[in-house]
Amino acid sequence: MKLLWAVSALLLSCCRANASTAPNIITEPSEVSNQTSATLSCNLTESSLPIKGSFWTHNGKVVDNSNSAASTPFTSLNLEKITHHSAGIYECVFMTDPKVKQTIEVKTLPHVTTHKHSEHGNENSEAVMVCESHGYPLPTDWTWFKEVDDMQTPIINGTSDKYEIKSTPNKTTLTINDLSINSDIGDYVCSGTNELGTASDKIHLRVRSRLAALWPFLGIVAEVIILVAIIFIYEKRRKPDEVNDDDDSGSAPLKSNSNANHKDKNVRQRNSN
Amino acid sequence: MRPAESCAFSSARSRPCTCLTDADEAASSADMTSNEPKAKKSGGAEAAEDGDWSWPLVAALFVSTSLVFGLMRSLGVFFVEFVQYFETSAQAISWISSTGLAAQQFFSPLGAALCNAYDTRLVVMTGGFLAGLGFILASQATCLFHLYLTMGLISGFGWGLVFTPMVATVVANITRRRTLALGLGFSSIGIVSFIFNPLFQFLVETYAWRGALLILGGLSLNIVACGALIRPKRRSKAPEKVDSEKKSSCASMLRRLSSYLELSLLMERPYLTYTLAVTLLNVGYFVPYFHLVAHSRQVGFSEYQSAFVMSAAGASDILGRVASGWFSDLGHFRLLHLLTLWTALAGVFIMLLPVSSLSGSYTALMAISLLYGFCSGSLTSLVFAVVPMIVGVERVMGALGLLQLIESGAGLLGTPLSGFLKDVTGTYTASFLVTGGFVVLGTLTMSTLPHFFSRTDPPAPRRRSHDKKDKSLHLELEQINSSPPDTKEVNDL
């Protein structure tokens with residue numbers, strides 16, 4: 001009886017011991033900040049559960065070629081060149097039952113770009129400039145500057161009707177109203193800041209004057225008038241030669257006399273008798 | 001242009017007439033083989049024979065056609081801007097060009113009638129001015145309806161006053177190199193579209209669409225200069241002169257109107273047959289240009305490959321226009337026969353298009369597209385050149401106007417029909433087969449024209465004269481034309 005109790009107590013303590021130790025993953029490094037390359041590794045400790053394999057995910061998507069069927073409690077992922085594309089949230093997942101995973105954040109400077117480096121706007125109308133950011137973490141602060149002679153003056157939202165700034169973590173929009181040729185032409189800089197630092201990009205704004213197209217138009221009209229005048233004058237000059245020749249019968253004039261000499265053989269005269 | 005007739009008219013005015021012999025006239029007569037040595041001797045003077053005026057006229061046709069149809073085809077850049085600015089659907093914007101094209105074709109008979117009644121030069125210059133005015137006004141548009149009115153109606157009306165008169169003038173005045181002149185003139189559409197698309201893009205970016213439209217208006221004003229190249233008409237048409245005696249009674253006015261519009265043509269079977277044939281042709285022959293890219297992509301080729309097929313077809317189209325123009329003028333075959341050949345081939349190639357891509361071979365698709373492009377370009381040069389053979393050169397103006405009006409309906413039918421077939425069946429095979437079928441049907445209709453199987457062109461019919469005074473002329477004409485167009489007889493005079 002006492003032996004039975006001792007054995008059962010031992011068994012129970014063993015079971016409880018198994019249940020009470022949770023699996024732990026040690027990540028190395030715990031976080032990647034502003035490095036050009038890194039090797040992420042996960043070590044599964046304190047787990048006696050069978051490991052069927054492991055893989056890595058990047059921002060929720062499985063990383064190519066990271067699937068491993070080895071039942072080792074250790075897995076690593078090598079990031080040769082860390083750019084804003086490869087930044088994000090990485091997870092190492094061990095295929096145990098239940099799955100266990102751990103997160104490693106790879107952080108870089110923000111990557112700020114704009115699709116159009118040259119924007120056009122019409123005088124007295126509005127211009128919209130857009131900057132986007134990719135990478136991780138996304139900027140928490142966006143600022144716009146107007147660059148004049150290498151000096152950047154910040155544009156403050158809401159002080160006047162002229163400037164409107166709308167920002168979301170991955171996009172910022174600057175709208176300039178009532179463009180004027182004198183003051184609004186120039187370079188504008190959008191700048192995004194996250195916990196690691198700041199990045200920016202530049203857009204050049206051109207303002208078209210309302211009457212800009214008028215000059216080429218007037219030039220073309222002048223060219224047309226000159227052409228028509230030349231044609232009319234040339235005709236008036238030739239008119240005396242043609243009075244005798246032109247035999248009009250509708251819309252098909254015949255040869256002029258000047259060519260008649262070459263073709264005497266082929267020409268016949270017909271009189272109205 | 002039958003020299004005999006012109007001599008008859010001038011004889012009525014008691015003036016000696018310097019006429020050309022039939023040797024120079026018969027560009028499409030089988031008798032020409034006996035005259036070829038003569039024709040070749042005067043090779044250098046051939047161009048001069050059409051008039052020193054002929055090459056400036058071809059240049060005028062080139063420029064005006066490019067500014068009418070080339071412009072129309074390249075407006076796509078503006079449509080993107082309009083959709084953004086006016087915040088409407090692309091379909092509402094596409095109505096602008098549809099209105100423009102419809103107005104151009106609808107007002108063609110009016111343009112022709114005005115040319116018959118007044119001076120061609122004045123009509124074309126007015127048309128050019130209106131076309132430019134439409135675009136200039138469009139640059140100030142504040143709502144979509146303004147665009148329909150200006151770019152669509154006003155410019156379309158202007159284009160209608162320009163295109164048919166220009167083509168008719170070229171057809172009437174250039175006899176020996178007629179088809180080549182037409183081919184060169186129409187090739188402008190393809191050539192210029194390579195220039196206009198990037199140019200318009202640049203204009204829109206630099207000046208915004210309003211400024212760009214203003215500049216386009218100025219460009220369109222160049223049509224006025226083209227119109228100025230047409231020789232002014234010194235005397236109006238004989239029938240009208242005769243009628244001027246009667247005061248403006250309703251009946252005589254209507255008669256004059258119908259003579260300007262050449263409505264009597266609608267009673268003539270050859271003209272009706274030909275118009276029907278051209279209408280059937282128009283239903284389908286340019287449909288592949290709309291659907292070729294989409295079809296290639298559907299079959300599985302990449303975007304670049306499909307676009308390249310399209311460009312290649314366009315390039316062979318330009319080549320076809322000029323080459324067929326040059327070849328037709330050599331006179332080896334009757335123009336009508338050549339036209340039938342090209343239309344039949346075009347129809348066959350359209351029907352072969354879906355078949356060629358069935359095998360998945362890019363080379364086959366490219367080959368058939370090139371051949372199709374060449375044939376469709378070739379037939380374009382000939383379609384208008386055949387008209388004087390059927391109705392006579394005097395009535396070419398009115399004939400072309402009515403032809404444009406009647407064939408416009410076909411154009412409206414063709415593209416929606418093919419789109420509908422594609423929606424129903426899921427692929428473009430049915431649309432290509434059906435439109436190719438229409439083209440072949442048009443060819444068969446053409447073969448029912450009188451004297452189709454004869455080797456030479458029949459004598460062109462003359463205007464039926466209503467007035468007594470004309471009857472004497474009529475008798476004279478009958479006497480002259482009762483003898484076959486034999487050069488030997490004429491030379492013996």
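Chain letters run A, B, ... following the sequence lines, proteins first, then strands; residues in each count from 1.
Of the two parts of A:Leu214, the backbone and the side chain both hold a non-hydrogen atom closer than 4.5 Å to a non-hydrogen atom of chain B. Only the side chain of B:Ile136 comes within contact range of chain A, with heavy atoms under 4.5 Å apart. Using a 4.5 Å cut-off between heavy atoms, B:Thr206 touches chain A through its backbone atoms (N, CA, C, O) alone.
For A:Arg208 (side chain) and B:Glu205 (main-chain N/O), a donor-acceptor pair under 3.5 Å exists by modelled atom type.
When the options B:Leu229, B:Asn222, B:Val224 are evaluated for a side-chain contact (heavy atoms from CB on, under 4.5 Å) with A:Val228, the one that passes is B:Val224. When each of B:Leu221, B:Leu216, B:Ile215 is tested with A:Ile220 by the rule side-chain contact (heavy atoms from CB on, under 4.5 Å), just one qualifies, namely B:Ile215.
A pairwise comparison of heavy atoms in B:Gly218 and A:Val224 identifies O-CG2, 4.3 Å as the closest pair. Of all non-hydrogen atoms in A:Ala213 and B:Gly211, the two that sit nearest each other are CB-CA, 3.3 Å.
Taking a 6.0 Å sphere around CZ of A:Phe232, one finds it holds more than 12 heavy atoms contributed by other residues, nucleotides or ligands. Within a 6.0 Å sphere centred on CG of A:Asp161, heavy atoms belonging to other residues, nucleotides or ligands number 12 at most. No more than 12 heavy atoms of other residues, nucleotides or ligands shown are found within 6.0 angstrom of NE2 on A:His85. A 6.0 Å sphere centred on CZ of B:Phe129 holds no more than 12 heavy atoms belonging to other residues, nucleotides or ligands.
Note that SG of B:Cys226 is 9.0 Å distant from CG of A:Leu227, once rounded to the nearest 0.5 Å.
Note on A:Ala212, A:Gly121, A:Ala229: by heavy-atom pairs under 4.5 Å with chain B, the leading option is A:Ala212.
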